[in-house]
Amino acid sequence: MATKVYIEDLSKHAGGSVTLQGWLYNLRSSGKIKFLLLRDGTGICQGVVVKSVVGDEIFNRAGEMTQESSFKMSGTIRAEQRAPGGYEMDVTNVEIISIAKEYPITPKEHGVEFLADRRHLWLRSSRQHAIMRIRHEIIRSIREFFDGRGFTLLDAPIFTPAACEGTSTLFETEYFDLGKAYLTQSGQLYGEAGAMALGKVYVFGPTFRAEKSKTRRHLTEFWMVEPEVAFNDLNDNMDLAEEFLEHIVTSVLKNRMQELNALERNVKVLEAVKRPLPRISYDQAVEILHKNGVEFEWGNDLGAPDETVISQQFDRPVMVHRYPSAIKAFYMKRDPNNDKLALAVDVLAPEGYGEIIGGSQREDDYDVLLERLKEHNLPQEAFDWYLDLRRFGSVPHSGFGMGIERTVSWICGLEHIRETIPFPRMIYRLTP
RNA sequence: UCCGCGGUAGCUCAAUGGCAGAGCACGUGACUGUUAAUCACGGGGUUGUAGGUUCGAGCCCUACCCGCGGAGCCA
């Protein structure tokens, strides 16, 4: 048996004799010559099986395989201009591992429900493969960004005793003798505790929202990365966010161009993501809406169609800051120059992908924060530990949260968020 | 929760109230350069469920089930 190699490393083995292991992506036959497309998770390579070269037994064996049968093929690697990957194999031997039953996902069109029901198989398709590789690159670059800047990863709990923004959107479960527990909808409050301990932290994990949303932008379970930095004000926070986004997009362009091409993504849009990102106030955003003929009343939150209109004015993500405090969370600090505004910032992705980042400078004054809790009718006991952060050496601090799946959706240019995560959880989907 | 669209072969979809169809997939055969290969032949159906109108319903009506998209909410 020749050396076992992966398809992504084939360029190092040109002219060499190797073995590939994988699954049959497709088979084309022309009488005395067969073309086997082997998929191994790193790429797809075509093996050319010629009857007069391998003999009847191996030739017929190759023809027995069905789509997604697992097998090994050995032979010589040759540069081939016609091959999508640049190389193909002149096969000398084929070894079947397992013949697949009739595979439901053919290289033709399928409907959404059909594919979603077979998500565990759908992941094998080249398009899903490309998305998962880009998702991984995004996550890798996120960790690289923070790890390279002195941040400490702080894992927040998933079971929480109370809501951080009200209970209506929380998944609830029984927790032994301690009553109800909720699945976290954000690790932020714990991130703030971490920032007071370690200065610069990031929380990275799954979050849960029981919103009955049924759109292409919503999951009930999604991943969020949430940096929190002591002594950062709102401007520092925006500086961090734009440097962060630039780093992620640059990394994907550098390391996953092949996958972006497989998705037919227009990379010009991504190449434009360079600092500085435009920063506009909520007031300016409202002006833009009015100029574009959108009826919008100051004080309302921006809806998805409003965000699209605003983002279409720019060629890169846009930061909208200083929203009306009435529509923002209790922990956001008010603007000292205008009590009606919160020191909040949302980053809107281009092309109508909407909000991918939401953040703020946090309220650091004990008395003000206590007042906000009361205004929002939140139970003070549940937040006593959080108030401690203001009792014992409170400092200005800021942070933001970025939704991984919306970011993947935008960078990949996808129609629907369900393709951005291996096994999506949505209001009407819990399987597979 | 509300609004809109849809459900016909394994898949994607056609079918003026009048014989249930095509492409792909699958099976058999042909083919030494195929790229979602091509060509020939073949097997494949309780038209989402229940009722109603009609000489006759995939098509019209009622209810329900399921799916998709959007709004609100949010990342």
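In what follows, every chain begins at residue 1, and chains take the letters A, B, ... in the order their sequences are listed.
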Test of ring centre spacing under 6.0 Å for [X] and [Y]:
{"X": "A:Phe244", "Y": "A:Phe400", "result": "yes"}
{"X": "A:Phe383", "Y": "A:Phe330", "result": "yes"}
{"X": "A:Tyr282", "Y": "A:Trp298", "result": "yes"}

Exercise for review: May I ask whether A:Tyr428 stacks on the base of B:G67, given the cut-offs of 5.5 Å between ring centres and 30° between planes?
Suggested key: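 Here A:Tyr428 fails the 5.5 Å or the 30° condition.
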[N], OP1 or OP2 - any side-chain N/O from [X] closer than 4.0 Å?
{"X": "A:Arg217", "N": "B:A71", "result": "yes"}
{"X": "A:His218", "N": "B:G70", "result": "no"}
{"X": "A:Arg418", "N": "B:G69", "result": "yes"}

Review point. Between A:Gly31 and A:Thr215, which has a closest nucleotide on RNA chain B that is more 5'?
Key: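 Residue closer to the 5' terminus by nearest nucleotide: A:Gly31.
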If you only use heavy atoms from C-beta on, which nucleotide in [options] is closest to the side chain of [X]?
{"X": "A:Arg82", "options": "B:C31, B:G33, B:C74", "result": "B:G33"}
{"X": "A:Glu102", "options": "B:C26, B:G72, B:U12", "result": "B:C26"}
{"X": "A:Glu113", "options": "B:C74, B:C66, B:G33", "result": "B:C66"}
{"X": "A:Val48", "options": "B:C11, B:G33, B:C68", "result": "B:G33"}

Heavy atoms only, 4.0 Å cut-off, all strands: where does [X] land among base, sugar-phosphate and nothing?
{"X": "A:Phe222", "answer": "base"}
{"X": "A:Arg78", "answer": "base"}
{"X": "A:Gln67", "answer": "nothing"}
{"X": "A:Lys214", "answer": "base"}
{"X": "A:Ser52", "answer": "base"}

Do [X] and [N] share a donor-acceptor pair, side chain to base, under 3.5 Å?
{"X": "A:Thr106", "N": "B:C11", "result": "no"}
{"X": "A:Glu88", "N": "B:G33", "result": "yes"}
{"X": "A:Ser29", "N": "B:U34", "result": "no"}

Exercise for review: To the nearest Å, give me how far apart CE (A:Met402) and P (B:C74) are.
Suggested key: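 So the two atoms are 20 Å apart, to the nearest Å.
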Review point. Just by distance, with hydrogens left out, do A:Tyr331 and A:Gln188 show a side-chain donor and acceptor under 3.5 Å apart?
Key: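 Looking only at side-chain atoms, A:Gln188 and A:Tyr331 do form a donor-acceptor pair, the distance falling under 3.5 Å.
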Practice item. Would you mind checking if A:Glu88 and A:Arg78 are paired as a salt bridge, meaning a charged N to carboxylate O distance below 4.0 Å? Key: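 So A:Arg78 pairs with A:Glu88 through a salt bridge.
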Point to revise | Proximity to RNA chain B (any heavy atom under 4.0 Å), residues of residues 342-359 of chain A only | key: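 Under 4.0 Å from RNA chain B: A:Glu355, A:Ile356, A:Ile357.
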Practice item. For B:U16 and B:C60, measure between their C1' atoms and round to the nearest Å. Key: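 Straight-line distance between the two C1' atoms is 13 Å.
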Review point. What distance, rounded to whole Å, do you find between the two C1' atoms, one in B:C31 and one in B:G17?
Key: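 My reading of the C1' atoms in B:C31 and B:G17 gives 48 Å.
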